[in-house]
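Input: a single structure, listed below in structure tokens.
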Amino acid sequence: MGYSAAAREIMRQLEHSGIAINQDNPLFVYLPCGVGGAPGGITLGLKNIFGPNVHCIFVEPVASPCMLVQLASGSAVPVNVYACGLSNETIADGLAVAQASMLVAEVVGEQIAGVATVQDDDLSEWVERMWTLAGMRLEPSGAAGFAAFARHGRAIQQSFGSNQAGTTIIWTTGGSFLPDLEWAYAREQGQRVLSNRANLIV
């Protein structure tokens, strides 16, 4: 329940910015998901405040989509990613979880609008992009929401029949305490991905 307090802070920030969330201006929130506690609590709070006008998207690495696996299974017992032949190996160590929280799956599962998965290269790319664009020092896990929005945002919005732009919040986590050597390596990986993708376009 503690995480749900974040929803009231979001509500105050939106009000302060003059942004009204309603049927004509739905709210889309991208939440990095490990075991599910934080995004589950945030979703619980946001749904309590905004009801059907908020759509919470959990974001997981393609090799570690524990919440997606649990929800898709429809099972009342735990199902881990290994049972689906997935490795649970990802650079997003904060999201590298094999088994989702059953509490979150049971209590919040039906309120989760969807789960988006992202590749490690996408995470690396957005670590570098957010540093160069906004000076945000993110760990790979913290870049998950940006990667998901860039790759899936338009399709997700259209899937809810939203003809309006709506309001999007991308939740981020971690990075400020990332050791300098790890941070330098993360940036190098991001630069490599961007360079490779630029070469493909050319």
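Starting from 1, each residue takes its place in the sequence as its number.
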Check against side-chain contact (heavy atoms from CB on, under 4.5 Å), Met67 and Val97:
CA-CA 9 Å; Met67 187 61 69; Val97 179; over 6 Å; no
Parallel, tilted or perpendicular: which fits the ring planes of Trp126 and Phe146, with parallel below 30° and perpendicular above 60°?
parallel
Does any non-hydrogen side-chain atom of Ile19 lie less than 4.5 Å from one of Gln13?
no
Going through the checks in order, is the side-chain contact (heavy atoms from CB on, under 4.5 Å) test met by Arg151 and Val118?
CA-CA 8 Å; Arg151 185 170 290 276; Val118 290; 5.8 Å; no
Hey, are the side chains of Cys33 and Pro39 touching, using non-hydrogen atoms and a 4.5 Å cut-off?
yes
In the structure I gave you, are the side-chain heavy atoms of Val54 and Lys47 within less than 4.5 Å of one another anywhere?
yes
Thr43 and Phe58: CA distance, side-chain angles, deciding distance, side-chain contact (heavy atoms from CB on, under 4.5 Å) verdict
CA-CA 9 Å; Thr43 296; Phe58 284 24; 3.2 Å; yes
Parallel, tilted or perpendicular: rings of Phe28 and His55 (30°, 60°):
tilted
Quick check on Arg192: does its CZ atom have over 12 non-hydrogen neighbours (other residues, nucleotides or ligands) under 6.0 Å away?
yes
Any heavy-atom pair between the side chains of Met11 and Ile21 that's under 4.5 Å?
no
Could you walk me through whether Ile42 and Cys56 pass the side-chain contact (heavy atoms from CB on, under 4.5 Å) test, one step at a time?
CA-CA 9 Å; Ile42 294 166; Cys56 296; 5.9 Å; no
Using a distance-only test with no angle check, is there a side-chain donor-acceptor pair under 3.5 angstrom linking Glu128 and Gln189?
no
Any sub-3.5 Å donor-acceptor pair from Glu89's side-chain atoms to Ala63's backbone N or O?
no
State plainly whether the residues Arg12 and Glu9 are in salt-bridge range, i.e. N to O under 4.0 Å.
yes
Heavy-atom distance under 4.5 Å between the side chains of Leu14 and Leu27, does that happen here?
yes
Is Met1 close to Leu44 at the side-chain level, that is, under 4.5 Å between some pair of heavy atoms?
yes
SB check Asp180 Arg137 (cutoff 4.0 Å)
yes
Are side-chain heavy atoms of Pro61 and Leu95 found at a separation under 4.5 Å?
yes
